[in-house]
Amino acid sequence: MAGTGIHPYHQQWPPAQAPPPPTAPGAPPSIHHAPPHVLFDNSNRGPPTHEEVRTIFITGFPDDVKERELQNLLRWLPGYEASQVNYKGDKAMGFALFSSSQHAIAAKDSLQDMVFDVETKSVLHTEMAKKNLFVKRGIVADSDAYDQSKRLRTGGDYSHAAYTTPSPFHPPPPPVWGPHGYMAPVPPPYDPYGGYPVPQVPMPPAPIPAPSSYVPIQNTKDNPPCNTLFIGNLGQNINEDELRGLFSVQPGFKQMKVLRQERHTVCFIEFEDLNSATTVHHSLQGAVIPSSGSIGMRIQYPFRFIFLQ
DNA sequence: AGCACA
């Protein structure tokens with residue numbers, strides 16, 4: 001019962017001579033709102049003084065649930081910090097830590113009775129956990145954490161996806177995999193009023209034009225190689241100068257022609273030789289440049305031979 | 001209903 005003032009689970013702490021820190025009778029328990037990067041420092045602090053429980057306990061998974069499935073489910077929830085799957089026998093138990101108990105409660109409610117998997121007809125059941133998920137060693141808040149090469153491969157099997165601008169379909173920063181199955185997402189400063197966290201990837205102006213990221217492209221079928229490339233999927237607001245900047249520095253670049261059509265703009269690029277074209281075909285496939293929004297350009301050999309100019 | 005990691 002919630003009104004008893006007694007924790008529903010026993011605690012061996014404190015021993016007789018060390019009473020818990022004074023909480024004025026009738027005063028609300030102090031909730032420390034530390035910034036995210038210090039939230040996890042449970043080290044060296046003796047007993048967990050009454051720490052608010054901000055972890056939820058989730059059951060009802062199919063037996064073969066993967067850590068990552070849970071993470072991908074939870075990433076969206078405000079305040080999400082870390083999660084873990086443990087097995088009791090072959091029953092999976094999930095734990096998910098949030099930045100506050102309010103967030104945890106909200107998450108618990110929104111996951112309650114969710115159909116996690118239709119195939120196996122698994123329906124989630126959530127409760128507040130008895131104690132918080134232990135997250136090892138805090139969060140690395142160093143700049144490395146934002147290194148794109150380290151933030152790849154999270155939601156889904158993108159082999160070389162990097163993220164810059166989140167879109168509804170290319171959401172917030174992928175978490176980073178920690179030691180054993182933990183997920184210790186690099187928390188961008190969480191703005192409780194701002195919806196989902198937005199990755200703040202420091203992108204110093206590149207000396208030479210470089211794509212801001214790469215995203216997987218859809219249509220992989222192609223035409224026979226030649227020394228000209230067709231660039232499609234450029235988005236509505238594509239900026240020709242940006243395009244030129246990117247391609248003109250590629251070895252073997254000869255000329256570029258932009259075709260503004262009704263809806264899409266496409267572009268052809270001629271190279272000195274087949275080799276240069278092929279190299280760029282590979283290296284810039286899926287490249288995202290600022291004016292293309294968050295979509296990756298598709299590079300193909302042209303359907304027909306194009307004679308530029 | 002089942003609550004672990006350190």
Side-chain angles (χ1 to χ4, degrees), chain A residues 1-2 4-15 18 20-21 29 32 34-75 77 79-117 119-141 145 154 174-187:
Chain A
M1 188 74 169
T4 61
I6 288 288
H7 282 290
Y9 48 97
H10 64 273
Q11 277 194 308
Q12 285 150 286
W13 195 266
H32 26 266
H37 60 280
V38 298
L39 276 175
F40 303 138
D41 188 14
N42 353 19
S43 60
N44 261 333
R45 224 158 282 283
T49 42
H50 17 291
E51 192 189 25
E52 61 165 358
V53 173
R54 47 194 179 90
T55 298
I56 60 175
F57 172 63
I58 315 168
T59 51
F61 296 108
D63 290 350
D64 62 348
V65 64
K66 294 292 181 296
E67 191 93 40
R68 147 186 309 206
E69 291 182 83
L70 179 57
Q71 291 162 1
N72 286 334
L73 174 68
L74 298 171
R75 287 163 60 182
L77 300 177
Y80 170 66
E81 287 186 353
S83 63
Q84 180 176 88
V85 176
N86 288 339
Y87 286 92
K88 166 160 240 179
D90 53 4
K91 286 298 166 208
M93 300 176 305
F95 295 87
L97 178 71
F98 291 82
S99 57
S100 70
S101 60
Q102 283 81 6
H103 282 127
I105 291 165
K108 174 188 64 114
D109 293 342
S110 74
L111 295 174
Q112 191 66 272
D113 300 322
M114 160 181 287
V115 177
F116 182 77
D117 185 291
E119 304 252 317
T120 57
K121 301 208 237 324
S122 47
V123 176
L124 300 186
H125 175 78
T126 56
E127 296 167 30
M128 292 307 285
K130 291 181 177 163
K131 53 191 296 213
N132 280 327
L133 173 63
F134 188 92
V135 179
K136 196 191 256 179
R137 227 31 219 121
I139 288 306
V140 228
T154 1
V176 173
W177 286 84
H180 44 287
Y182 279 132
M183 195 187 64
V186 180

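Here is the naming used below: chain letters follow the sequence lines, and residue numbers restart at 1 for every chain. Treat the numbers as computed from the prediction; the structure is a model and nothing was measured.
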Sugar-phosphate only, base, or nothing, as touched by A:D90 at under 4.0 Å among non-hydrogen atoms: nothing
Touch class at under 4.0 angstrom, heavy-atom based, for A:K91 against every strand present: nothing
Stacking check A:F134 vs B:dA4 (5.5 Å / 30 deg): no
Full working for salt bridge (charged side-chain N to carboxylate O under 4.0 Å, His left out) between A:R54 and A:E81: CA-CA 10 Å; A:R54 47 194 179 90; A:E81 287 186 353; 3.2 Å; yes
Interatomic distance, A:K136 NZ vs B:dA4 C1' [rounded to whole Å]: 14 Å
Separation of B:dA1 C1' from A:I56 CD1 (nearest whole Å): 17 Å
Length of the line joining A:L133:CG and B:dA4:P, which is rounded to integer Å: 12 Å
Donor-acceptor pair (no angle test) under 3.5 Å: A:K131 side chain, B:dA6 base: yes
Nearest-Å distance for atom pair CG/C1', residues A:L97 and B:dC3: 14 Å
Least distance between heavy atoms, A:V53 atom then A:A129 atom: CG1-O, 3.2 Å
A:H125 NE2 to B:dG2 P, straight-line distance once rounded to whole Å: 9 Å
Rounded distance in Å - CD (A:E127) to C1' (B:dG2): 8 Å
Atom-to-atom span, CG of A:D113 to C1' of B:dA1 - whole angstrom: 14 Å
Smallest separation among heavy atoms of A:G94 and A:F61, with atom names: N-CE1, 3.7 Å
Exercise: do A:S122 and A:D117 side chains pair donor with acceptor under 3.5 Å: no
Distance in angstrom units between A:K130 NZ and B:dC5 P, rounded: 14 Å
